[in-house]
Enquirer: 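I'd like to ask you about the structure that follows.
Keep in mind that the numbers below use all heavy atoms, side chains included, and drop hydrogens, waters and symmetry copies.
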Amino acid sequence: PLHGLANQSVLEWITELRKHVGDEASDADIKAFIWAKLKSGQVVPGYGHAVLRKTDPRYTCQRQFAMKVLRCDLAKEPELGARFIQEARAAATVHHPNVIQITDFGQLPEGIPYFVMEYLTGRTLAAVLQKGGPLPATRAVRILLQAAAGIGAAHNAGVIHRDLKPDNIFLLNALGAEETVKLLDFGVAKVAGAARITQTGIVFGSPHYMSPEQASGQPVDHRADIYALGILLFELLTGRRPFRGTESGTEKSGQTLNERIRFAQVNLPAPDPRLFNPKITPQLSAIVLRALEKEPPARFATCQEMLSALC
């Protein structure tokens, strides 16, 4: 439902233009300029890039940002527009090196919502896992530590992600340094104090990474994200997810695969990851299984507690 556009931050454009050409460029001028580019097709939907360059050869602005714009037809749906802006607000409240940085959000002319974020170079964790097989335990733990640190910062800011999965974990390319994790996509995040957008009982998220309470449409708290971290660590260490909808007891006629996976999340105990990778230590297996407890009070109470167990 989204267009990805790499662009200079709207706010930074305004700041730099005013700095170099005075007050000629207003907020409305800049937003109208972007809107005109979108309507004319000069900015093509999909990820690309554009760099604002001052005509004065002494000044070149080379910092790039990614811009996310809700499709025009979807922007007509009030709930989708509200959810889009909530994603921006949720991520913008979290200030942590392992969380995507939101630099601006608002509406273009005709009420089209957008937000601007840092431009990342690298690949998603999903792309890494597509190669198959488990990751070395040291790399798996290193990735999980950063993801848990970012989620812990979100929790401290009153934000529950609710859709942690490999597609929403980005690994930055850093020359001469270890890979850095960035958490993306707070589109179904729950924000403390924010108005409710979705109705109780409606299931949002990705079935393979849902907590039992989320899979059954019950209220969730931050421990739903801890469960998802357990699923992620299980997958990194074994090369497979704990529940795939093919387990004994999930075969029910008329049910879709996603329904069978949600049933397993709610009703079946998580298997010991050592069944699929005997190289996993008992200590690491115990951490995974505690994060995957069905009852939230039996899991790690906080991300910090899980981080302490992993270190």
Side-chain angles (χ1 to χ4, degrees), residues 1 123-135 137 140 143-144 147-148 151 160-170 183-190 198-280 284-296 298-300 306:
R123 55 184 174 168
T124 64
L125 183 57
V128 173
L129 291 172
Q130 281 178 355
K131 295 183 177 180
L135 298 186
I143 290 171
L144 208 284
I151 285 298
I160 305 168
H161 193 288
R162 298 199 299 181
D163 196 22
L164 279 176
K165 58 184 178 182
D167 284 316
N168 292 338
I169 296 176
F170 199 88
L183 300 180
L184 313 176
D185 199 348
F186 285 73
V188 297
K190 178 182 178 183
T198 57
Q199 299 176 15
T200 302
I202 296 179
V203 177
F204 282 91
S206 305
H208 282 109
Y209 304 92
M210 281 183 182
S211 66
E213 59 272 23
Q214 191 172 357
S216 58
Q218 301 302 310
V220 303
D221 62 18
H222 65 281
R223 292 169 295 188
D225 286 344
I226 292 173
Y227 186 92
L229 288 171
I231 297 274
L232 286 167
L233 185 54
F234 187 109
E235 186 173 8
L236 293 175
L237 292 169
T238 67
R240 54 157 285 162
R241 300 160 183 146
F243 302 113
R244 304 199 286 190
T246 57
E247 294 80 13
S248 176
T250 62
E251 306 90 347
K252 293 188 177 182
S253 61
Q255 283 194 331
T256 66
L257 177 61
N258 283 344
E259 288 172 335
R260 295 198 299 272
I261 294 169
R262 289 199 295 269
F263 176 88
Q265 298 283 24
V266 173
N267 296 285
L268 302 184
D272 189 326
R274 291 176 294 175
L275 294 173
F276 309 101
N277 182 359
K279 295 180 180 179
I280 298 171
L284 196 50
S285 175
I287 291 171
V288 173
L289 293 175
R290 183 176 174 189
L292 293 180
E293 287 285 355
K294 298 301 180 187
E295 297 298 327
R299 299 173 203 153
F300 294 102
M306 188 174 184

Enquirer: Nearest 0.5 Å please: distance from the CD1 atom of Ile160 over to the CD1 atom of Ile151.
Expert: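 Rounded to the nearest 0.5 Å, the CD1-CD1 separation comes to 10.0 Å.
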Enquirer: If you compare all heavy atoms of Ala270 against all heavy atoms of Leu289, which two are closest, and at what distance to 0.1 Å?
Expert: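 Shortest heavy-atom contact: O-CD2, 3.9 Å.
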Enquirer: Got a sec, which residues hit side-chain hydrogen bond (donor to acceptor under 3.5 Å, both in side chains) with Asp272, two or more places apart in sequence or on another chain?
Expert: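 Only Arg274, Ser285 meet the side-chain hydrogen bond (donor to acceptor under 3.5 Å, both in side chains) criterion with Asp272.
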Enquirer: Evaluate the side-chain proximity of Val288 to Leu237: yes if any heavy-atom separation is below 4.5 Å, no if none is.
Expert: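 They are in contact (side-chain heavy atoms under 4.5 Å apart), so the answer is yes.
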Enquirer: Are side-chain heavy atoms of Leu233 and Pro273 found at a separation under 4.5 Å?
Expert: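 Not in contact.
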Enquirer: Can you tell if the side chain of Met210 reaches within under 4.5 Å of the side chain of Asp163, non-hydrogen atoms only?
Expert: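 They are not in contact (no side-chain heavy atoms under 4.5 Å apart), so the answer is no.
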Enquirer: I want to check something: taking the side chain as every heavy atom from C-beta on, are Phe170 and Arg123 in contact at a cut-off of under 4.5 Å?
Expert: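 No, too far: nothing below the 4.5 Å cut-off.
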Enquirer: For the residue pair Gln265 and Tyr227, confirm or rule out a side-chain donor-acceptor distance under 3.5 Å.
Expert: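 The answer is yes; a qualifying pair exists.
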Enquirer: Sequence neighbours left out, what pairs pass salt bridge (charged side-chain N to carboxylate O under 4.0 Å, His left out) with at least one residue falling in residues 224-236?
Expert: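 For residues 224-236, and leaving out neighbouring residues, the salt bridge (charged side-chain N to carboxylate O under 4.0 Å, His left out) pairs sorted by first residue read Glu235-Arg241.
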Enquirer: List in chain and number order the residues that pass salt bridge (charged side-chain N to carboxylate O under 4.0 Å, His left out) with Glu213, two or more places apart in sequence or in another chain; answer none if no residue qualifies.
Expert: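 Partners of Glu213 under the salt bridge (charged side-chain N to carboxylate O under 4.0 Å, His left out) test: Arg299.
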Enquirer: If only atom types and distance count, is the side chain of His161 paired as donor or acceptor with the main-chain N or O of Leu184 below 3.5 Å?
Expert: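 Side chain of His161 to backbone of Leu184: a pair is present.
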Enquirer: Can you give me the closest heavy-atom contact between Val266 and Pro212, atom names plus distance?
Expert: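 So the two residues come closest at CG2-O, 3.5 Å.
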Enquirer: Which residue in the set Thr238, Leu232, Ile231 passes side-chain contact (heavy atoms from CB on, under 4.5 Å) when paired with Phe234?
Expert: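 Single pass found, and it is Thr238.
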Enquirer: Of all the heavy-atom pairs spanning Ala224 and Gln214, show the shortest one and how long it is.
Expert: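 Residues Ala224 and Gln214, closest heavy atoms: CB-OE1, 4.2 Å.
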Enquirer: So how far is it from Thr124 OG1 to Asn168 CG, rounded to the nearest 0.5 Å?
Expert: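 One gets 9.0 Å once the value is rounded to the nearest 0.5 Å.
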Enquirer: Any side-chain heavy atom of Asp167 within less than 4.5 Å of one from Leu125?
Expert: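 No, their side chains stay 4.5 Å or more apart.
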Enquirer: What is the distance from atom CD1 of Ile287 to atom CZ of Phe300, rounded to the nearest 0.5 Å?
Expert: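 Separation between the atoms: 5.5 Å.
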Enquirer: With side chains defined as the heavy atoms from C-beta onward, is the minimum distance between Tyr209 and Leu164 less than 4.5 Å?
Expert: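 No; the side chains remain at least 4.5 Å from each other.
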Enquirer: Locate the shortest heavy-atom distance separating Ala291 from Ile226; write the atom from each residue and the value.
Expert: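 Of all heavy-atom pairs spanning Ala291 and Ile226, the closest is CB-O, 3.8 Å.
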Enquirer: Rounded to the nearest 0.5 Å, what separation is found between the CD atom of Glu293 and the OG atom of Ser211?
Expert: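 Glu293 atom CD to Ser211 atom OG measures 13.5 Å (nearest 0.5 Å).
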Enquirer: Please tell me if the side chains of His208 and Ile261 come closer than 4.5 Å, counting only heavy atoms from C-beta onward.
Expert: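 Side chain of His208 against side chain of Ile261, heavy atoms only: contact under 4.5 Å found.
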